[in-house]
There are 2 protein chains.
Amino acid sequence: DRTPFPDDLDERLSRQFTFLVEIDRLKAVMRQSPLAAADRRENDAEHSWHLAMMVAVLAEHSDEPIDVGHTIQLVLVHDLVEIYAGDTPLYGDGSDQREREVAAAEELFPLLPGDQAGRIRALWDEFEERRTREARFAKAMDRLQPLLLNWMARGGTWQTPGVTADDVRARKAVIGDASAALWKAGRHLIDEGEHRGWSRRS
Amino acid sequence: DRTPFPDDLDERLSRQFTFLVEIDRLKAVMRQSPLAAADRRENDAEHSWHLAMMVAVLAEHSDEPIDVGHTIQLVLVHDLVEIYAGDTPLYGDGSDQREREVAAAEELFPLLPGDQAGRIRALWDEFEERRTREARFAKAMDRLQPLLLNWMARGGTWQTPGVTADDVRARKAVIGDASAALWKAGRHLIDEGEHRGWSRRS
Ligand SMILES: [Ca+2]
């Protein structure tokens, strides 16, 4: 019995509610990035909300026109698999990440009715494959957001042992696949951060 | 000087980035609702993400067809004013809430370029006025989500001193303005919770 809800609830609704309370766990998956607003690290749920707001505000900078509502759905679901697979730090070893995340997707999404499980899986696959312009912009937001938080923290995860400003530039260059303007700005912040001593000189 | 970013950043981008790091503060605005996944209360940013996921999963239950992407944008921004105005508990005294929130909107949204400040203000006004079907559905999610969390907590804020199951039914009835099916299910959970002793009998 996988549902915490009463047996006499409509079955489709019961599956939907069960999925919706299971994903509450995303609020307990901690990332490396420090918040700008409080002295703690960020969790995946608030990170996903922040990306959605960034899509709404920054979509105009996409090199190609994008569907804003669709791109927002991509960022809302992009980290759901981390409920079971955990967060994989950007400056760490992610060698078994794909395997763990696919197993998580196959456990989590089928809590939903079949048609919706398929739709969410398609959104996650689209984000991962980065073949659509919306997926490339969503990925750019996922890289730009911690860059802004690291800037506010005067370093943040830029100061991970062994990481240099060149490593940061290499990991963030994917922003340029979606937006020349945002990558120009992001690169400027990385360069200026290096100049101010907030990251390790290369 | 209201921006933490370098002076030579493009001015429009600088305003957008400044707004986007200012709203990081939504992650530090605490609500009353207990999480299902961790032993702490929920913050407004993760709450907003959860509502967006609920819209994506539950939109089919709206009595009238809704634009899902637009409804998601309503829930993403609906609590932003609480960055300055604070959270107003559902079972508390909210007599000066409107005044505080309008003042907050007039401080926060103009950090953005004028066209975008106007667009976000329009989304917030639409949510508050509840005259569109999307706004009514967004409001229903805002009432249904803590109901699900309270169910998982076997009481949660239903156990606020002085609050009875009738008070809960009265505060949640607005769900029925958007969806007969969701209000039927929500009411069933409230009734069953009362029966199990998770709220005060009326
Ligand atoms: Ca991730």
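Numbered from 1 within each chain, the chains take letters A, B, ... in sequence-line order. FYI, side chains are in, hydrogens and waters are out, and symmetry mates aren't considered; it's all heavy atoms of this structure.
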- Query: How many angstroms lie between CG in Leu51(A) and CG in Leu20(B), if you round to the nearest 0.5 Å?
  - Reply: 10.5 Å
- Item | Spatial distance of atom CZ (Phe17(A)) from atom CG (Leu147(B)) [nearest 0.5 Å] | 8.0 Å
- Query: What pairs with Ala140(B) under side chain to side chain contact (heavy atoms under 4.5 Å, CB included), at least two apart in sequence or on another chain?
  - Reply: Ile175(B), Ala178(B)
- Task: Side chain from CB out, backbone as N, CA, C, O: work out which of these in Met54(A) comes under 4.5 Å of a heavy atom of chain B, or both, or neither.
- Result: both
Among the listed options [options], the residue most often paired with chain A at heavy-atom distances under 4.5 Å:
options: Ile23(B), Val68(B), Ile72(B); result: Ile23(B)
options: Val21(B), Leu9(B), Ile120(B), Leu144(B); result: Val21(B)
options: Val57(B), Leu26(B), Leu35(B), Leu149(B); result: Val57(B)

- chain B shares the most heavy-atom pairs under 4.5 Å, among Ala28(A), Gly69(A), Pro113(A), Ala45(A), with Ala45(A)
- Closest non-hydrogen atoms of Ala181(A) and Leu13(B), given as atom of the first, atom of the second and distance, are O-CD1, 4.1 Å
- Can you name the closest pair of heavy atoms from Leu76(B) and Ala52(A) and give their distance? CD1-CB, 3.7 Å
Could you pull out every donor-acceptor pair under 3.5 Å between chain A and chain B?
from, atom 1, to, atom 2, distance (Å)
Pro4(A), O, Trp151(B), NE1, 3.1
Asp8(A), OD1, His188(B), NE2, 2.8
Asp8(A), OD2, His188(B), NE2, 3.4
Arg12(A), NE, Glu60(B), OE2, 2.6
Arg12(A), NH2, Glu60(B), OE1, 2.7
Arg12(A), NH2, Glu60(B), OE2, 3.3
Gln16(A), OE1, His61(B), NE2, 2.7
Gln16(A), NE2, Val57(B), O, 3.4
Gln16(A), NE2, Glu60(B), OE2, 3.2
Leu20(A), O, His50(B), NE2, 2.7
Asp24(A), OD2, Ala36(B), N, 2.7
Asp24(A), OD2, Ala37(B), N, 3.0
Lys27(A), O, Arg40(B), NH2, 3.0
Lys27(A), NZ, Glu42(B), OE2, 2.8
Lys27(A), NZ, His50(B), ND1, 2.8
Ala36(A), N, Asp24(B), OD2, 2.7
Ala37(A), N, Asp24(B), OD2, 3.0
Arg40(A), NH2, Lys27(B), O, 3.0
Glu42(A), OE2, Lys27(B), NZ, 2.8
Asn43(A), ND2, Glu46(B), OE1, 2.9
Glu46(A), OE1, Asn43(B), ND2, 2.9
Trp49(A), NE1, Leu76(B), O, 3.0
His50(A), ND1, Lys27(B), NZ, 2.8
His50(A), NE2, Leu20(B), O, 2.7
Ala56(A), O, Arg119(B), NH2, 3.4
Val57(A), O, Gln16(B), NE2, 3.4
Val57(A), O, Gln116(B), NE2, 2.9
Glu60(A), OE1, Arg12(B), NH2, 2.7
Glu60(A), OE2, Arg12(B), NE, 2.6
Glu60(A), OE2, Arg12(B), NH2, 3.3
Glu60(A), OE2, Gln16(B), NE2, 3.2
His61(A), NE2, Gln16(B), OE1, 2.7
Leu76(A), O, Trp49(B), NE1, 3.0
Gln116(A), NE2, Val57(B), O, 2.9
Arg119(A), NH2, Ala56(B), O, 3.3
Trp151(A), NE1, Pro4(B), O, 3.1
His188(A), NE2, Asp8(B), OD1, 2.8
His188(A), NE2, Asp8(B), OD2, 3.4

